[in-house]
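Please read all numbers here as calculations on a predicted model, not as lab measurements.
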Amino acid sequence: MSHKPQGHNAVSPYLLVSSVAQMLSFLQATFAAEVLYQAAAEDGVVRHAEVRIDDSIIMMGERPSDSAAVQCSTHVYVADVDAAYQRALSAGASSVSAPRDQPYGDRTAGVRDEEGNLWWIGAHLR
């Protein structure tokens, strides 16, 4: 028996958000995230979820209503930075950095989601 669920890496981001449903919508629209698991409370509100983006898992849960917001910064490699950047903006994110080629061989962009999390979008060019 493994010490971690099948298909999970040893390290996974865990986002604490005000609305898991809204975060799921953003991740699906921006990164074509596949929802693997959702747990809803008796009131129907999703309290915990797990998604797969390419080969990685991101978990999320709703933070208690009286707790302070927790933001993180996450890097995601994608096939098309410009398209993912535009999808993120369409899904409600604001631009932090427009797509551009970097001297270290990646094309990158940055957005801030409505929760305040930073998403760095990249594609390795060489």
For the residue pair [X] and [Y], what are the closest heavy atoms and their distance?
X      : Y      : value
Val111 : Ile121 : CG2-CD1, 4.4 Å
Val76  : Ile53  : CG1-CG2, 3.9 Å
Ser97  : Trp120 : CB-CZ3, 4.3 Å
Leu15  : Cys72  : CD2-SG, 3.2 Å
Ala79  : Ala123 : O-CB, 4.4 Å

Hey, what do you get for CD (Glu34) to CD1 (Ile57), rounding to the nearest 0.5 Å? 8.0 Å

If you round to the nearest 0.5 Å, how far is CG of Asn117 from CE of Met23? 5.0 Å

Apart from Tyr104 itself, which Ile, Leu, Val, Met, Phe, Trp or Tyr residues share its cluster (side-chain heavy atoms under 4.5 Å, direct or through members)?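 Besides Tyr104, the cluster holds no residue at all.
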
Tracing side-chain contacts under 4.5 Å among Ile, Leu, Val, Met, Phe, Trp and Tyr outward from Tyr77 reaches none

Quick one, Val17 and Gln22 - any side-chain contact, counting heavy atoms below 4.5 Å?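 SC-SC contact between Val17 and Gln22 ruled out.
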
Let me check something: any side-chain donor-acceptor pairs from residues 37-48 under 3.5 Å, sequence neighbours excluded? List them with distances.
residue: Asp43; atom: OD1; partner: Val45; partner atom: N; Å: 3.0
residue: Asp43; atom: OD2; partner: Arg47; partner atom: NH2; Å: 2.9
residue: Arg47; atom: NH1; partner: Glu62; partner atom: OE1; Å: 3.0
residue: His48; atom: ND1; partner: Tyr14; partner atom: OH; Å: 2.9
residue: His48; atom: ND1; partner: Met60; partner atom: O; Å: 3.3
residue: His48; atom: NE2; partner: Glu50; partner atom: OE2; Å: 3.3

For the hydrophobic clusters of this structure (ILVMFWY residues joined by side-chain heavy atoms under 4.5 Å, transitively), does one cluster hold both [X] and [Y]?
X      : Y      : value
Val81  : Leu125 : no
Trp119 : Val96  : no
Met59  : Leu24  : no

Side-chain donor/acceptor pairs under 3.5 Å, residues 84-95, sequence neighbours excluded:
residue: Tyr85; atom: OH; partner: Ser95; partner atom: OG; Å: 2.5
residue: Arg87; atom: NE; partner: Ala29; partner atom: O; Å: 3.4
residue: Arg87; atom: NE; partner: Thr30; partner atom: O; Å: 3.0
residue: Arg87; atom: NH2; partner: Thr30; partner atom: O; Å: 2.9
residue: Ser90; atom: OG; partner: Gln86; partner atom: O; Å: 3.1

Look at the rings of Phe31 and Phe26 and say which category their plane angle falls in: under 30° parallel, 30 to 60° tilted, over 60° perpendicular. perpendicular

Please list all pairs meeting salt bridge (charged side-chain N to carboxylate O under 4.0 Å, His left out) that have one or both residues in residues 107-117, counting only residues at least two apart or in different chains.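 Listed once each, the pairs are Arg63-Glu115, Asp82-Arg107, Asp101-Arg107.
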
Which residues pass the side-chain hydrogen bond (donor to acceptor under 3.5 Å, both in side chains) test with Ser56, not counting sequence neighbours? none

